[in-house]
Novice: 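This is the structure I have questions about; it appears just below.
The chain is numbered in sequence order, starting from 1. Since the structure is predicted, the reported quantities are computational estimates derived from the model, not experimental observations.
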Amino acid sequence: MVDAWSDRRFHEAINALLRVVLVTYALFQIYTSFFGMMEPLVQRGIFLGLGLGSVFLLTAANRLGQGRPTVAVIVNVLLAAAGYYVCFHIVFSSKRLSDFMVELTTWDIVLGIATIGLVLEAARRTIGWFLPVLAVIGLAYYYFGHGVISGTWQPPRVSTLTFVETYYASTEAIFGYMVDMGTRVIAIFIILGALLLSTGATEIFIKLATMIAGRSYGGQAKVCTVSSALFGTVTGSAVANVMAMGPVTIPTMRRSGYSGSYAAAVEAVSSAGGQIMPPVMGAGAFIMAEILNIPYSQVMTAALIPALLYFLVLWFSIGMRARRLDIRPLDRSEMPQWRDLADPFTALPMYLPVVSLIVMLARDFTPTLAGSVAVVVLIGTLFVLRTLRCLIDGEPHKLGATYRTLVREILKGLYDGGKAIAMVAVLLACAAIVVKVLTATGIGVKISSLILSFSDDSLVLVLIFTAVLAILLGMDVPTTASYILASAVAGPILIKLGIEPLNAHMFIFYFAIMSAITPPVCASVFAAASIAGENFWRVAGHAVVMAIALYLIPFLFIFRTGVLMEGSAFDIIHNTAMTALAVIAITGASAGYLLGLLAWPMRIALYAGGAMLFYPAVWSDAAGIAVVVVVAALSRWRTTSSRALPPTGRAALDKRL
């Protein structure tokens with residue numbers, strides 16, 4: 001009994017420490033977003049240090065809560081203390097380490113090696129084995145490669161001192177530009193998303209999505225796609241979308257007539273698309289702007305039409321399946337009222353921060369300032385509106401309780417935001433280790449040359465290799481890491497072949513997103529399958545069939561550049577219209593339904609028509625449009641004819657279809 005009591009007190013102490021650290025972590029990010037960043041090693045050291053230590057402290061709290069042995073908990077507490085210390089050593093030694101003539105002490109070297117090990121272990125706990133193992137292989141190649149490899153692939157000789165200077169005691173690797181992007185830009189948007197969720201935005205998202213999509217065929221499944229798109233504008237995370245929306249949307253889709261596996265696939269694919277939906281998108285989009293040295297608003301503008309095309313594919317795929325299954329739209333009685341969405345006390349706290357964010361990004365304010373202003377607008381709006389509600393209701397005596405509730409919601413949002421930032425911090429640090437290996441050894445250039453030699457300088461083959469590379473690197477790692485690694489290897493190749501840098505990086509970023517729904521390892525599908533309690537492979541199969549047209553959209557960034565808002569107004573409109581028709585045709589062929597049921601010859605013809613529309617030429621546009629129109633008319637005629645037949649005739653026709 002004494003042991004149980006002491007374990008409970010220990011658990012409470014760790015949780016209290018975690019709350020203090022993670023809320024402070026989030027407040028630190030808000031403060032520096034408003035009042036400016038500290039010098040690089042100090043800012044990045046605090047950012048990574050609080051994140052690295054907190055990952056181990058979270059593990060300690062979880063294991064203690066699961067009744068694990070005290071020894072395992074104490075080990076994780078010690079690892080947490082080490083994680084905090086090794087990074088804060090950089091903070092307190094920043095002036096000494098910034099001196100060009102500095103000589104590292106033995107203690108610096110020991111802490112540098114320990115930091116690399118801690119980052120790799122923390123990354124393994126948060127994102128799985130793939131990226132940390134890749135980092136270990138890269139580090140071994142970098143440090144030992146000169147002595148064991150000869151010829152073209154031999155890396156330069158590296159001393160232990162140079163190794164530690166590069167990875168730890170400088171702003172080149174672990175404390176480099178990726179961690180800088182995390183603390184300058186990504187963290188504030190994570191906090192904004194967490195605060196929106198903790199203060200009730202999820203309910204508004206679902207109500208707004210229901211108003212938009214509920215009365216069309218596909219009903220609840222389309223509501224899922226719209227709500228995930230809206231949710232993605234402030235979170236930029238596929239798995240976060242699934243975990244937040246899936247428990248609500250998947251059971252609702254099931255009740256409306258969809259199978260559990262199909263409902264889970266809709267949620268997974270929709271949530272992955274949230275990462276390309278402006279204004280926030282995924283963290284990789286901010287890194288893209290940094291790599292290309294362009295305003296984030298330019299990336300956001302280029303992503304708008306591809307995002308709309310992504311959800312257009314899902315919209316039509318769901319609608320076609322719903323018509324085949326005769327799943328009716330929602331009844332009017334099931335629809336929310338517009339007054340629910342227009343109620344200022346519930347709607348304004350969501351609308352105003354998002355609107356302020358979009359306006360500031362459109363006016364080329366930095367994403368950091370735009371995100372921090374949106375956070376302040378959210379908190380200020382909540383405070384003012386909840387005060388007014390108490391006064392209007394004639395209940396000023398409830399102000400104290402109202403403020404306490406609001407403070408609890410805000411603290412929960414800050415805590416959740418701090419926890420998410422910690423995981424992003426170790427992800428970025430681990431990815432930075434791999435990228436530094438690519439640049440320091442020259443292996444990135446060698447791999448690029450190898451891809452070029454395999455493809456014989458063929459642009460189409462290079463694009464296919466790049467797409468496969470981005471998806472493979474996305475196995476078991478978040479989109480951000482997949483994009484960073486793939487862009488480091490394949491980005492220079494595409495640019496060398498004459499593709500504009502933004503187009504090349506958007507191509508890679510899009511396929512990094514697609515890795516979240518592509519078997520065998522696809523995080524958002526796995527999360528959705530676990531929520532639905534369905535077989536992973538069945539959910540993955542539905543996701544791939546639903547996403548067939550999505551895999552083709554990025555190739556249009558290269559061949560129909562108007563979809564990235566490039567060229568004249570006519571080019572943009574024409575390319576977008578042809579692309580939309582192409583993806584609708586391919587989606588219809590995959591679903592077996594357009595304006596009616598499709599026989600296999602009609603589906604093959606529709607695939608061919610969609611393929612013609614991908615090729616940017618007048619003759620292919622005309623031929624593709626003609627094929628799609630003819631197939632659509634035939635499918636409508638066959639379906640209308642089947643309805644005129646007696647039941648036995650309809651059954652025979654359905655069997656042939």
Side-chain angles (χ1 to χ4, degrees), residues 40-41 44 48 97 100 112-113 115-116 119-120 123 130-149 151-182 184 283-284 286-294 425-453 462 465-466 469-470 472-474 477 480-497 499 501 504-505 508-509 512:
L41 279 178
R44 300 172 197 179
L48 181 57
L97 296 174
F100 181 73
I113 295 171
T115 302
I116 293 171
V119 166
L120 294 175
F130 180 76
L131 188 60
V133 168
L134 189 62
V136 169
I137 294 170
L139 289 170
Y141 174 74
Y142 177 57
Y143 188 71
F144 298 108
H146 185 83
V148 297
I149 297 174
T152 306
W153 294 89
Q154 183 182 47
R157 187 186 302 276
V158 176
S159 67
T160 302
L161 184 62
T162 302
F163 179 81
V164 174
E165 282 180 340
T166 300
Y167 276 93
Y168 177 67
S170 69
T171 56
E172 291 186 39
I174 288 179
F175 299 102
Y177 79 92
M178 289 187 197
V179 168
D180 179 51
M181 280 300 299
R184 272 197 303 113
F286 296 107
I287 295 174
M288 186 193 307
E290 184 79 4
I291 292 172
L292 298 178
N293 195 27
I294 59 176
V426 297
L427 159 65
L428 293 173
C430 189
I433 291 174
V434 179
V435 172
K436 188 60 185 176
V437 170
L438 295 175
T439 56
T441 64
I443 193 173
V445 176
K446 294 167 188 172
I447 294 173
S448 300
S449 301
L450 192 63
I451 292 174
L452 280 174
S453 65
V462 169
F465 280 137
T466 301
L469 179 67
L472 289 177
L473 290 174
V477 300
T480 305
S482 174
Y483 163 69
I484 290 169
L485 299 177
S487 64
V489 174
I493 307 176
L494 298 180
I495 294 169
K496 182 179 179 181
L497 292 176
I499 298 171
H505 280 259
I508 296 168
F509 181 56

Novice: Rounded to the nearest 0.5 Å, what separates atom SG in Cys430 from atom CG in Leu120?
Specialist: 5.5 Å

Novice: Is any side-chain heavy atom of Ile443 closer than 4.5 Å to one of Trp153?
Specialist: yes

Novice: Do the side chain of Arg44 and the main chain of Phe175 share a donor and acceptor less than 3.5 angstrom apart?
Specialist: yes

Novice: To check you understand the geometry: which heavy-atom pair defines the closest contact between Ala169 and Leu97, and what is its length?
Specialist: CB-CD2, 4.1 Å

Novice: Quick one: are Leu131 and Leu485 in side-chain contact, heavy atoms under 4.5 Å?
Specialist: yes

Novice: Any side-chain heavy atom of Tyr168 sitting closer than 4.5 Å to one from Phe163?
Specialist: no

Novice: Does a side-chain heavy-atom distance below 4.5 Å link Phe465 with Ile493?
Specialist: no

Novice: Does any part of the side chain of Val434, heavy atoms only, come nearer than 4.5 Å to the side chain of Ile484, both counted from C-beta?
Specialist: no

Novice: Are the side chain of Ser170 and the backbone N or O of Glu165 linked by a donor-acceptor pair below 3.5 Å?
Specialist: yes

Novice: Report the distance from atom OG1 of Thr115 to atom OH of Tyr167, rounding to the nearest 0.5 Å.
Specialist: 14.0 Å

Novice: Under a 3.5 Å threshold, yes or no: a donor from one side chain and an acceptor from the other, between Thr160 and Tyr143?
Specialist: yes

Novice: Which atoms form the tightest heavy-atom contact between Leu292 and His505, and what is the distance?
Specialist: CD2-CD2, 3.6 Å

